[in-house]
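We count residues from 1, following the sequence as given.
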Amino acid sequence: MPSALVTGGSSGIGLGIGRMLRDEGYALTLVARTPERLDAAAADLGALAVRANMLDEDDCARAVATHVEHHDGLDVLVNSAGVGFAGTVADTSTKRFDIQLGVNVRGAFLVTREALPHLRASRGYVVNLASIAGTIPTPGLATYGASKAALISLTRSLVREEAESGVRATALCPAFVDTPMTEWTGLAAEEMIQPEDCAEIVRGLLRLSPAARVPVVVVERVGDAV
């Protein structure tokens with residue numbers, strides 16, 4: 001049975017993608033920091049739960065090792081763990097800057113680095129949850145946008161580096177998605193992209209032939225002027 005590891009898999013986009021992967025026949029590992037939500041999501045999807053902090057290098061390595069030991073390999077990695085704080089360059093604290101870059105870029109890098117030997121063996125797929133904020137100017141989300149731009153760049157380079165190994169990767173860059181992280185926007189749920197939309201895009205990516213690669217997918221929200 002193919003297997004998938006999803007960081008940030010206890011809610012939002014990660015949970016939506018995890019549910020799709022379960023339905024597609026993947027054995028799952030969900031990784032998150034909050035035990036209550038993680039355990040509930042894992043029970044719902046029949047997944048292995050691994051509690052980990054993406055700011056901790058040892059936790060990132062342990063999450064991959066635990067998955068591989070339990071599932072005897074790895075076919076799909078979804079780096080969905082992320083954090084964002086509103087703030088301009090002028091008013092963003094160093095701590096908030098470090099957390100966003102640490103989780104959104106460094107954490108994804110660490111998990112991917114640890115997963116690569118196993119993904120090479122399976123000619124697997126990496127999905128990095130970036131954001132449309134990494135592709136356009138984002139006043140008020142300056143550091144968040146910068147972290148996602150870095151993740152997009154990391155993904156593009158990974159695609160080229162792993163061309164011979166068969167490992168493919170995509171940075172998925174949606175506008176506002178209906179998740180707890182976007183409650184601050186005040187937008188109605190029906191006005192936002194749905195987690196299931198992101199999951200359907202990932203489903204399509206996994207069904208592509210090995211000859212096709214898609215480094216970046218940008219998903220605009222209807223009504224946005226970008």
Please check this pair: side chain of [X] against backbone of [Y], looking for a donor-acceptor N/O pair closer than 3.5 Å.
{"X": "Ser147", "Y": "Val105", "value": "no"}
{"X": "Ser165", "Y": "Val167", "value": "yes"}
{"X": "Asn53", "Y": "Leu55", "value": "yes"}
{"X": "Asp98", "Y": "Lys95", "value": "no"}

Per the side-chain contact (heavy atoms from CB on, under 4.5 Å) rule, which among Thr112, Leu5, Leu129 passes with Asn79?
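Among Thr112, Leu5, Leu129, the one meeting side-chain contact (heavy atoms from CB on, under 4.5 Å) with Asn79 is Thr112.
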
Under 4.0 Å between a Lys/Arg side-chain N and an Asp/Glu carboxylate O for Asp44 and Arg19?
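Salt bridge between Asp44 and Arg19, a charged N being under 4.0 Å from a carboxylate O: yes.
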
Arg113/Glu57 ion pair, N-O < 4.0 Å:
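Here Arg113 pairs with Glu57 in a salt bridge, since their nearest N and O are under 4.0 Å apart.
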
For Asp23, look at atom CG and say whether over 12 heavy atoms of other residues, nucleotides or ligands are found less than 6.0 Å away.
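Yes, because the 6.0 Å sphere around CG of Asp23 holds more than 12 heavy atoms from other groups.
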
List the steps and the verdict of side chain to side chain contact (heavy atoms under 4.5 Å, CB included) for Glu24 and Arg207.
CA-CA 11 Å; Glu24 288 288 315; Arg207 291 181 175 180; 2.9 Å; yes

Do you know which two heavy atoms are closest between [X] and [Y], and how far apart they sit?
{"X": "Ala47", "Y": "Leu30", "answer": "CB-CG, 3.9 Å"}
{"X": "Leu141", "Y": "Ala86", "answer": "CD2-CA, 3.9 Å"}
{"X": "Gly16", "Y": "Ala199", "answer": "O-CB, 3.6 Å"}
{"X": "Gly84", "Y": "Tyr144", "answer": "CA-CD1, 3.6 Å"}
{"X": "Pro195", "Y": "Gly12", "answer": "CB-O, 3.9 Å"}
{"X": "Ala115", "Y": "Leu74", "answer": "CB-CD2, 3.6 Å"}

Distance, nearest 0.5 Å, that separates [atom1] of [X] from [atom2] of [Y]:
{"X": "Phe109", "Y": "Met54", "atom1": "CZ", "atom2": "CE", "value": "14.0 Å"}
{"X": "Arg33", "Y": "Thr7", "atom1": "CZ", "atom2": "OG1", "value": "13.0 Å"}
{"X": "His118", "Y": "Asp72", "atom1": "NE2", "atom2": "CG", "value": "10.5 Å"}
{"X": "Glu161", "Y": "Leu154", "atom1": "CD", "atom2": "CG", "value": "8.0 Å"}
{"X": "Arg37", "Y": "Arg51", "atom1": "CZ", "atom2": "CZ", "value": "12.0 Å"}
{"X": "Leu172", "Y": "Ser80", "atom1": "CG", "atom2": "OG", "value": "9.0 Å"}

For Val78 and Leu21: C-alpha separation, side-chain torsions, deciding distance, then whether side chain to side chain contact (heavy atoms under 4.5 Å, CB included) applies.
CA-CA 10 Å; Val78 180; Leu21 290 168; 4.2 Å; yes

Without hydrogens or angle criteria, can the side chains of Thr66 and Glu69 be said to hold a donor-acceptor pair below 3.5 Å?
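Side chains of Thr66 and Glu69: no pair found under 3.5 Å.
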
Between His71 and Ser3, do the side chains contain a donor N or O and an acceptor N or O under 3.5 Å apart?
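Ser3 vs His71: no donor-acceptor pair found between side chains.
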
Side chains of [X] and [Y]: closer than 4.5 Å at any heavy-atom pair?
{"X": "Thr179", "Y": "Ile13", "result": "yes"}
{"X": "Thr34", "Y": "Leu38", "result": "no"}
{"X": "Val127", "Y": "Leu77", "result": "no"}
{"X": "Pro174", "Y": "Asp197", "result": "no"}
{"X": "Leu208", "Y": "Leu205", "result": "yes"}
{"X": "Thr29", "Y": "His70", "result": "no"}
{"X": "Val83", "Y": "Gln100", "result": "yes"}
{"X": "Ser93", "Y": "Arg96", "result": "yes"}

Candidate pair Val31 and His67, rule side chain to side chain contact (heavy atoms under 4.5 Å, CB included), full reasoning:
CA-CA 10 Å; Val31 180; His67 172 94; over 6 Å; no

Can [Y] be reached from [X] by stepping across I, L, V, M, F, W or Y side chains whose heavy atoms are under 4.5 Å apart?
{"X": "Leu206", "Y": "Leu15", "answer": "yes"}
{"X": "Leu48", "Y": "Tyr26", "answer": "no"}
{"X": "Val219", "Y": "Val202", "answer": "yes"}
{"X": "Met20", "Y": "Val217", "answer": "yes"}
{"X": "Val111", "Y": "Ile99", "answer": "yes"}

Any residue meeting side-chain contact (heavy atoms from CB on, under 4.5 Å) with Thr135, in chain and number order, not counting sequence neighbours
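Result, side-chain contact (heavy atoms from CB on, under 4.5 Å) vs Thr135: Ile132, Ile152, Cys173, Val218.
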
Verdict with supporting geometry, Val64 and Val68, side chain to side chain contact (heavy atoms under 4.5 Å, CB included)
CA-CA 6 Å; Val64 175; Val68 171; 4.3 Å; yes

Tell me whether the guanidinium CZ or amine NZ of Arg168 lies under 6.0 angstrom from the six-membered ring centre of Tyr125 and within 45° of its axis.
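The answer is no; the distance or angle limit is not met.
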
